[in-house]
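All heavy atoms count here, side chains included; hydrogens, waters and symmetry mates do not. Reminder, nothing fancy here: chain letters follow the sequence lines and each chain counts from 1.
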Amino acid sequence: MNNNQLILKEKFIKYFSSILEEDLMNEILEVGHFDTIAAGELLVDVGDNLTHIPLIFKGSVKIIRHINEDGELVIYYLKTGDTCAISFINCIESKKSVFEGIVETDMEACFIPLDKVDEWLVKYKSWRRYIIDSYHFRLMEMLASIDGLAFNTLNERILTYLTSMSERSNENVLHITHQQIANDLNTSRVVISRIMKQLQNEGKIVSSRNNIELLE
DNA sequence: ACATTAAGTGATT
DNA sequence: AATCACTTAATGT
């Protein structure tokens, strides 16, 4: 057991001990696989066989839905305290992921093997609670995502996209290109550029090559 | 200096 | 709001 693992475990305890009961925490510390994953890494790809579920205690993961070869859309983000219950339920049946997950900001997580996830549902009340809550939360996030698509203008979608990204990174200045935003929102770069200029004129942002500063 | 990548723009649908 | 067909600007080698 190296030092790094101990530090990760301590952080994990700090964040999760208020949510999960003690016996369960001890079991997690025993069977969980603690790891750090750098920003930009591909956590899961569409069709991947899932073997573990992450309990995230630092960083964020971008969850992307692929429609065709060239169509993709960001559905939601997993953050500290989150797990992906959607993929767990899905795993019981097919064991294959329907989403792509890319680490957005450096992540620290504890990976739980699937059979344990299942076993603990019966064994621990706090685990049941946590998984069900998480499932509910994912569903709400997905609803928000659908609402955004159906009822918001692209203008509004871009603003929410930028502010939520700023919240996750605790930064007012985002290092991102118009092209990347276009990819995440499934639109074209030209359209983003035009709206960005509009937002700049409205005094909401300052945009320059490779970075966007959010005002207010 | 030249090539590559990011962003701006007018016209068209 | 999307696409085309550019132009201009910023950066890397």
Side-chain angles (χ1 to χ4, degrees), chain A residues 35-48 54 56 58-80 82 84 86-87 90 96-109 135-216:
Chain A
D35 210 352
T36 64
I37 303 179
E41 293 276 317
L42 180 66
L43 192 63
V44 279
D45 206 348
V46 178
D48 274 4
I56 302 167
K58 191 195 164 195
S60 60
V61 183
K62 179 159 84 174
I63 304 297
I64 305 158
R65 166 77 171 156
H66 288 261
I67 292 95
N68 290 317
E69 281 295 295
D70 51 347
E72 60 175 76
L73 179 73
V74 172
I75 307 286
Y76 51 67
Y77 296 83
L78 299 179
K79 302 179 283 287
T80 299
D82 287 343
C84 200
I86 298 278
S87 56
N90 178 60
K96 303 228 189 254
S97 176
V98 293
F99 293 129
E100 179 188 353
I102 293 180
V103 178
E104 187 196 30
T105 55
D106 293 352
M107 175 178 99
E108 292 173 357
Y135 199 85
H136 175 251
F137 205 72
R138 288 305 119 230
L139 193 60
M140 290 301 119
E141 293 261 276
M142 218 180 283
L143 258 190
S145 177
I146 291 174
D147 288 348
L149 276 172
F151 305 122
N152 292 346
T153 63
L154 191 49
N155 196 305
E156 295 168 311
R157 287 176 65 210
I158 292 176
L159 268 181
T160 8
Y161 174 87
L162 294 175
T163 46
S164 80
M165 175 176 276
S166 152
E167 277 165 21
R168 284 190 305 278
S169 64
N170 287 318
E171 271 283 352
N172 276 342
V173 180
L174 309 171
H175 305 287
I176 189 167
T177 66
H178 294 182
Q179 183 63 65
Q180 288 171 272
I181 300 173
N183 291 343
D184 286 354
L185 300 182
N186 189 43
T187 176
S188 70
R189 194 230 90 219
V190 199
V191 173
I192 297 293
S193 291
R194 287 209 166 101
I195 294 175
M196 293 304 270
K197 211 193 167 188
Q198 189 189 328
L199 291 174
Q200 177 141 244
N201 289 337
E202 289 168 10
K204 291 179 178 164
I205 59 161
V206 176
S207 146
S208 56
R209 191 190 172 97
N210 282 317
N211 77 78
I212 294 160
E213 184 183 356
L214 282 176
L215 305 174
E216 92 205 54

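- Counting non-hydrogen atoms of neighbouring residues, nucleotides and ligands closer than 6.0 angstrom, the CZ atom of A:Phe137 reaches no more than 12 such neighbours.
- Counting to the nearest Å, the P atom of B:dA6 and the CD1 atom of A:Ile192 are 15 Å from each other.
- Closest approach of A:Val98 and A:Val46 over heavy atoms only: O-CG2, 4.1 Å.
- Both A:Val190 and A:Arg209 sit near DNA chain B, but only A:Arg209 has its closest nucleotide nearer the 5' end.
- How far CD of A:Glu156 is from CZ of A:Phe151: 12.0 Å, rounded to the nearest 0.5 Å.
- The residue A:Ser188 sits close to a base: some heavy atom pair falls under 4.0 Å.
- Where A:Ile195 and A:Arg189 each meet DNA chain C at their nearest nucleotide, the meeting point lying more 5' is that of A:Ile195.
- Per the geometry, CE belonging to A:Met196 stands 8 Å off P belonging to B:dA7, to the nearest Å.
- Nucleic acid contact class of A:Ser207 (heavy atoms, under 4.0 Å, all strands): none.
- One distance of note links CD of A:Glu100 with NE2 of A:His66; it measures 3.5 Å at 0.5 Å rounding.
- Between A:His175 atom NE2 and B:dT5 atom C1' the separation is 18 Å, expressed in whole Å.
- Using a 4.0 Å cut-off between charged nitrogen and carboxylate oxygen, A:Arg168 and A:Glu104 count as a salt-bridge pair.
- Rounding to whole angstrom units, CD1 of residue A:Ile212 and P of B:dA6 are separated by 13 Å.
- Considering only side-chain N and O atoms, A:His178 lies nowhere under 4.0 angstrom from the phosphate OP1 or OP2 of B:dT5.
- Here B:dA7 presents its P atom at 13 Å from CD1 of A:Ile158, a figure rounded to the nearest Å.
- Here A:Asp147 contributes atom CG and A:Met142 contributes atom CE; the two are 13.0 Å apart, rounded to the nearest 0.5 Å.
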Report task. Let me see the working for A:Lys58 and A:Thr36 under side chain to side chain contact (heavy atoms under 4.5 Å, CB included), right down to the final yes or no. Result -> CA-CA 9 Å; A:Lys58 191 195 164 195; A:Thr36 64; over 6 Å; no
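- Rounded to whole Å, atom P of B:dA7 lies 17 Å from atom CD of A:Gln198.
- Protein atom NZ of A:Lys197 is 8 Å distant from nucleotide atom C1' of B:dT9, rounded to whole Å.
- Chain A approaches DNA chain C over the interval C:dA1 to C:dT11, counting the first and last nucleotide 5' to 3' with an atom under 4.0 Å from its heavy atoms.
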